[in-house]
Amino acid sequence: MYTKKIKLLVFVIIAFISSASFAQERIVTGVVEDVSTNAPLSSAVIGVNGTQNKVTTNAMGEFSIKVNPEDSILNASYIGYLSTKIQISGKNHVVIKLEASSQSLSDVVVIGYGTVKKRDLTGAVTSVKAEDIVLTPTANAMDALQGKASGVDILKSSGRAGAGVNVVIRGNRSIYGDNTPLYIIDGIPGDYAKLNPNDIESIDILKDASSTAIYGSAGSNGVVIITTKQGKNGRSVIDADAYLGYNGFPRYPHGLVKDDYLKLKREAYRGEKGDYPEFNNDIFADPSQLAAYNAGQWVDWVGLVLRDGLQQNYSASIRGGTEKLNTYFSLNYNNEQGLINNDKNKKYTVRANINYKLSKYVKIGTNIQLTYNNNDQAAPNLFGNSLTFLPLGLPYDSLGNINHVPVDGITNPMSDQIPNQYQNNTLNTYFSNNTFIELTPFKGFTYRSVFGAVLNSARNGRYFGTESIANPEAGFSLPAAVIDNTRGYNYRWENIANYELNLRDDHHFNLTGVTSWADNRSEDAYEAGSGFDLDSYSFYNMGAATKTAVRSSYTQNQSLSFVGRINYNYKGKYLLSLSNRWDGVSRLSEGHKWASFPAAAIAWRISDEPFFQSITNVVSSLKFRVGYGVTGNSGGVGAYGTQGGGFNAPKPVGFGLNTVGPAYILNQQLANQDLGWEKSYNTNIGMDAAFLKGKVDLTVDWYNTDTKDLLFLRSMPASLGGSWGSPFSMWQNIGATNSKGLEVLLNTRNIENSRFSWMTTVTFAANKEKIVSLPGGKNLIASGLFIGHPVNTFYDYEYLGIWQENQSDEAAKFNSKPGDIRLATDGTFNEDGTHAYGANDKQILGSGVPKWTGGLQNTFKYGNVDLVLLITGRWGQMISSNLITRYDPTAGVGNSPDDIDYWTPENTGGYLPRPGLHASASGYIGFDALKYVDGSYLKLRNVTLGYTFSSAAIKRLTMQKLRIYFTANNPFILTKSKLLKYEDPETNGSDNFPLTKQFVFGLNATF
Amino acid sequence: MKPTTMKRKYIIITSLFISLFMGACSLKEINPSGVTTDKIASTKSGFNKIINTCYFDLPRYFYGRNLLLITEAGTDLWTADQNSNNNQNYMKYASGGALSIDMAKDFWNGAYDAINYCNMAIGRADQVKDFSNEQEKNETVAQAHFLRALYYFHLVEQFGPCPLTLEETNTANTESTRTAPLDIYEKAILPDLRFAVANLPLTAPDAGRPTKKAAIGLLAKACLQTKEYNTEKYLKEALDAANMLLKNPGTYGATLYTNFSDNFNAENNKNNLEALYQIPFSQDYGSTNVYDHNNDFKRFYCAVTGFGAIISAGFQLEVGRWSGGNFMPSKYLLDAFKNPDGTLDPRYFLSFQTQWTANTDYKWTADAITQFDRASGITPGSELSSGDKAIRVVRPEESDYLSGRSDKLSQKYLWIDLDDIYGSDMKVKMKYTRVNQQPGTVDNPFLRFYPSLTKFNSGYLISPKSNKYTSDAFATVMRLGEVYLIAAEAEFYLNGPDAASASFINKLRDRVHAEHINAGDISLQFLLDERARELCGEYTRWYDLKRMGKANKTYLMKTNPDVGQYFKDGVNGLRPIPQGQIDAISNPDGYQNPGY
């Protein structure tokens, strides 16, 4: 091979020289590249116009063709590209730029252990490019992908500073295993949340098993491949991005005050006793509270607690390089101040990507990332407490300090914001590096060896002062402090060999072999103490504790894998991919550690067939894909999950005042010596089409996944014993689930001219999932698992309304009164004609799985102005809204949200039951039934208006590009249920840390 | 470099890499911080950890936590505070609604969790290499026998037939069989206690470890309880065990306090002479959060802050000043203290707080005057000073009742007439008819104030969390006083009402200076009444009713109709098996107790 190449080179050079001297027959050399990416195009056909003289380009896109003196024009054609003619008179070397007939087909898609052109793709892969990722200003790259990738359900459930997102691809398959996708960053598993979104070049999401089976045991939940930006040959480019955001206006209720509060309490009294109270001390039993009421000391706790959040982000990168060396280097600082005091997150990121070409055959490189996070979390119950604590008293003393006891009998919900009273700070240092050497000893063959290391260390410190109202560390009384140090060491070494081979130009093979070894270790050292004499020590002076506890732990697991893959295509028309991965992990049982995960896919580019050419004006490209693969899931089972045993607990029991009894506590998990893999069997049928010369791109995928031998954390009967008071459980391979669905991705270029362009992207996904079988072949009610229904299913009483006064006789049969909750029953009655609501009346109400999710993005450009509107939707899911059941119907002093609508004899349309009928919320049978509501919503997720300055205007600033923009995130939400007027359904009914609207002003500059 | 040399170099590097790779890889699990039962059980110090774990669930789920709700609530003795629907699952059998299927889950799960450790200790005692002798081994393992008996005792009495396991769980067997209560007594509870009687030491090395007297007392109690299952086979053993303790106070170190109330005093709490067995609590250890330690002291207090002269003043920890407990005595319980001659059994005042003083300077308001129906002598501005008498609950049997009653509404403090709270129909009076102010029938304002049981006022209060307060007082599982009543009852079953039976009872009456009774006074109902007088609130009443065949609607309607109206015969005598157990077993059909 080598020698052949050298001979060719020599030949070319000689030919070149000779052509100059003998002007009869000459050689024209050249290279064919993609016009937009400059990527070389192999197998492109170069012909001399009007002759049969043709050659094809090699893997580097190079060609060399003999031409006669009279030949002046070359034809260059390439499947999926617009053919072009090139003048060669007087030229011996040409660079031919081809434009894709459908732009996206030439895009390179990153797949497992390699890349392919989109046109050669056989699996279901969605790609998102850099510009779409940074459109949403967020510190979290996956947060920015909402609504942009079909079949990828991304939810942000908390408005805490630095809160992450929950990502599920094609629904939940596993019950107790893991349902989170595998994240691969530059080839090595990593943590996307630690990345600076500006560093990302592309995100490719592998969804079907024919693509993900290459990741074997970890591939069941889809694979997200993140590629970071690399330096490019050419002049150095500096990019600077900055934005400043304001976070506020959460959809969140306030607590009742004044007449509204009093009305509820008076109604509660009336509901209980039949008449309104005569005296206010019937409501405010505590004399001090009565005095506060008489003094009119009302407090809107939620109003006091909420403040404006701010987010700022500064990012700078430089990239450039020479032919031998290219680098990318970036810095990022992100600071998010949450909605409440002492909830904040600061993130500092440094990245350096360096590639060095030692010689023609050897390339080395390294990607280094260092992320430092400083996160302060506010105490968790602040919002709930603010909604439900008595809205009376003096929240601040005369000096403006928070009053710990604003009125006798009530603690201040803001107690944890009193200086030095509550701290929960995490410092996290994350270092990730992967260093590679790549050898290309002969044509078409590359061997790459990558060593990756992710070192993660975190220190979490918590302090609970004597006035803190957060739950202190278990086993300690206030004041208490905790320091928890964790370290993770994750090493991975992968060797990837790839051989690309063309046989007679029509048969294209790509062979890949991989070995992968991973070793993950973590250590934890924990110390807690209490009895400090000064709150100012916080957790920095453990020596001052009078009572302490320490513990430490270590876990380790390893895995080893071998992968083989053959990609074959015939004339780019018939595509075949076969792969297998053999995976072994340490945490499964002896004899069950190894498994293989095969996959196969075929695709047919029907539009390349001769018979299709007549309609290429309308359908410019059409491809069908069918793939099948087996993937695994070992998530959920922790290290040592198959080992029995227990642990030493220093002092869970005691004998007498100070005599501590060390105890031996069994692990909750019983050992299972036969534990193997959970496997998913996935079929994917897809179609990629382009219409009207690439004006419309459409991708449709249908899939079916059967997951069998679920890694099921089966609860054992409590009568067998347990651990720490809870029954044993055991990982078993039992049960099965099925999910199937349809995904559509549609890109259209509606209008495209030099002044104005309008593009639309539509994503749509519908996923149906269900449990097919469960242990014992029966529903597991206490675990909320039902055969034929999704994992996330709601089972409870069904709310039918409120018993009205004219229904009192009927209500009495159900031991209910007018104003009680009317519930669906199983239809049975006792002999005396009554029915007691009970467990048999509970039923499946719905599930948290949406009927469909979708996104609609419109991008407009007019001159220098650009406008993006992104709408996302999630439709048909049920949520369980804890805010609704924050309603306190009792005669106690507890408060309720101010958007409640409760039944009274005068307000017969109220949704909530009559206050006062029962002594506690749980006394209302079916109280929880109130909270299940249709969570369907549409959201204007992002509106961005940008202006790019003309190059003339910024030349003096040495800038190449300057764009300023204004973004509104989450500005408008439409919910189907009017009960969700004061909540964002994306949080799935959480009553804590609401999501906010965000208004951002930013700029992007390129120097 | 020549291509061939380069090639060779790469081949060398590559093969080096590959050989390195193969060498580095192993899929063995290394677990340096792991511990196995085999290892731990091989030494005495390790074995003692297993023994310690057997105690784990007692303070976590049973005594000091919610055990009062399943042993005292729902009986003839109590109704919910102010006769409300609070804690209705326990207090009022869900007030006619659906009982929570998991109402007793903690007891089920907790007991079986602990039983597995007891089984482990009992089954592995022989693996320990370094016990110095057989006696040390038996003394150690006898703790596990005692505790297993105690856990099974509660299981059987709460749930009826239960799965019986006497061996450590090693396999994931999901089929579960329920064993009849008497079988569990005969196969587990009684033999375990007999072993514990034979082998436990006379004095405990630490507080909280059972001694011989604990085992003998529990054996007597368990033997007597078998009467519930229609056998008289173990009554003799109950009597013998009781006598063993009663006749040998010097040997076993169990003596009656001279004063009844010394049982409940703070100074005796952590070294109680009459207690046969106590569960310790301390801030220095615990399987629970510290703020969930012994909460029994909160259970019995009426809502004294319902009167403005008493404020809760933050989360103060003054003994006897709490407000808003869960249990209100029934009329039956209060009547039980009434002697046939109209006097009061002294244990009434020894067991209940009926008076409170003001802790703030208080001025009557117009509203309060109307609310508490004051006579014309009380006008807005009438004062009570801090420290003055603020509330007194008075009953007809008290000597100054008649004189006080006539001007009860003219007092600056609340003179609460017990007859204003309870009706002759044995129910709590929910309404009151005002006579002085704005006459009419209104919600009973006096209902907030009722005699409050003081047996758990041991103090040791702590505030481990800013808005929580709890106690580190020890919880008494059983005291010697009860053994006299067990003896009397066993004697009564065996030989009918006789002098021997009466003498056991009189022994308890002597120390409170109550009148003696005669053999002729003794009947089943008398024994129940006497147990109420002596033991109300002491974790036993529900079991007493079951044993004596009184856990039925007829009896409860007669004694405590506020509760009895909701009792379902054939259902509410047993608690529902928790849903988690039903879900986890492979044979759920017919497993649940009837009616749930």
Side-chain angles (χ1 to χ4, degrees), chain A residues 2 273 279 285-288 405 409 411 439 441 449 467 469 474-475 477-478 517 553-554 556 558 560 584 586 593 640 645-647 651-664 670 715-722 725 730 776 780-782 815 836-839 918-919 923 925, chain B residues 3 10 25 27 29-36 40 49-50 52-53 55-57 60 84-86 96-98 101 108-110 112-113 116 163 169 172 176 206-208 280 282-287 289-290 305-306 308 311-312 314 367 371 443 464-467 579-581 583-586:
Chain A
Y2 245 121
K273 317 255 180 170
F279 312 106
D286 189 298
S288 318
V405 178
T411 33
L439 311 177
S449 182
E467 294 187 330
I469 54 173
S477 54
L478 299 175
W517 168 79
S553 67
Y554 171 92
Q556 175 177 15
Q558 297 99 260
L560 178 59
S586 60
K593 289 182 193 291
Y640 320 130
F647 56 93
K651 43 191 182 182
V653 287
F655 301 93
L657 285 182
N658 304 304
T659 313
V660 163
Y664 169 71
L670 288 175
S715 295
M716 292 289 122
S719 54
L720 292 181
M730 184 193 252
L780 300 178
I781 296 167
N815 193 36
Y837 290 126
H918 303 277
I925 295 175
Chain B
Y10 297 138
C25 306
L27 297 178
E29 285 201 286
I30 301 154
N31 187 3
S33 53
V35 192
T36 64
I40 207 110
K49 290 184 185 176
I50 299 176
N52 289 347
T53 315
Y55 294 85
F56 178 91
D57 295 272
R60 185 177 170 87
S84 66
N85 284 327
N86 291 337
I101 214 83
W108 177 276
N109 289 4
Y112 278 112
D113 178 42
N116 188 44
T169 294
S176 181
D206 309 306
S282 160
Q283 289 190 71
D284 288 318
Y285 49 75
S287 63
N289 286 315
V290 175
T305 54
I311 58 171
S312 62
D367 276 1
Q371 187 171 24
D443 297 326
K465 196 183 158 189
S466 88
N467 57 352
Q579 183 68 43
Q581 173 79 9
D583 277 356
I585 59 174
S586 54

Interatomic distance, OG1@Thr53(B) vs OH@Tyr664(A), rounded to 0.5 Å, equals 9.0 Å

Turns out that what part of Met716(A) lies under 4.5 Å from chain B's heavy atoms comes down to both

Applying a strict 4.5 Å limit to non-hydrogen atoms, the region of Asp443(B) in contact with chain A is side chain

Notebook entry, point to check: Hey, does the side chain of Asn52(B) reach the backbone of Ala663(A) with a donor-acceptor pair shorter than 3.5 angstrom?
Noted result: no

Greatest number of non-hydrogen atom pairs under 4.5 angstrom with chain A, of Ala172(B), Ser84(B), Gly110(B), falls to Ala172(B)

Ranked by heavy-atom pairs below 4.5 Å to chain B, first place among Gly923(A), Ser715(A), Pro717(A), Gly661(A) goes to Pro717(A)

Okay, Ile40(B) and chain A: the region with an atom under 4.5 Å from a heavy atom over there is side chain

Scanning both residues in full, the closest heavy-atom pair of Phe56(B) with Gly725(A) reads CE2-N, 4.0 Å

Heavy-atom nearest pair, Tyr285(B) first then Leu657(A), reads CE2-O, 3.8 Å

Most contact-rich option vs chain B, by heavy-atom pairs under 4.5 angstrom, among Asn815(A), Val653(A), Ile469(A), is Val653(A)

Next item on the list: Ignoring hydrogens and angles, tell me if any N or O in the side chain of Asp583(B) forms a donor-acceptor pair with the backbone of Ile781(A) under 3.5 Å.
Entry: yes

Under 4.5 Å to a heavy atom of chain A? For Asn86(B) that would be both

Counting heavy-atom pairs under 4.5 angstrom with chain A, the leader among Ser176(B), Pro163(B), Ala207(B), Gly308(B) is Ala207(B)

Cut-off 4.5 Å, heavy atoms of chain A, and the answer for Asn116(B) is side chain

Under 4.5 Å to a heavy atom of chain B? For Lys593(A) that would be side chain

In terms of heavy-atom contacts, Leu720(A) and Thr169(B) come closest through O-OG1, 2.5 Å

Interatomic distance, CG@Asn109(B) vs OG@Ser719(A), rounded to 0.5 Å, equals 9.5 Å

| task | Taking Thr305(B) for its side chain and Asp286(A) for its backbone only, find out whether a donor-acceptor pair lies under 3.5 Å. | result | no

Heavy atoms of Gly654(A) and Pro280(B) approach each other most closely as O-CG, 3.6 Å

Tightest non-hydrogen contact, residues Phe279(A) and Asp367(B), listed as CE2-O, 3.2 Å

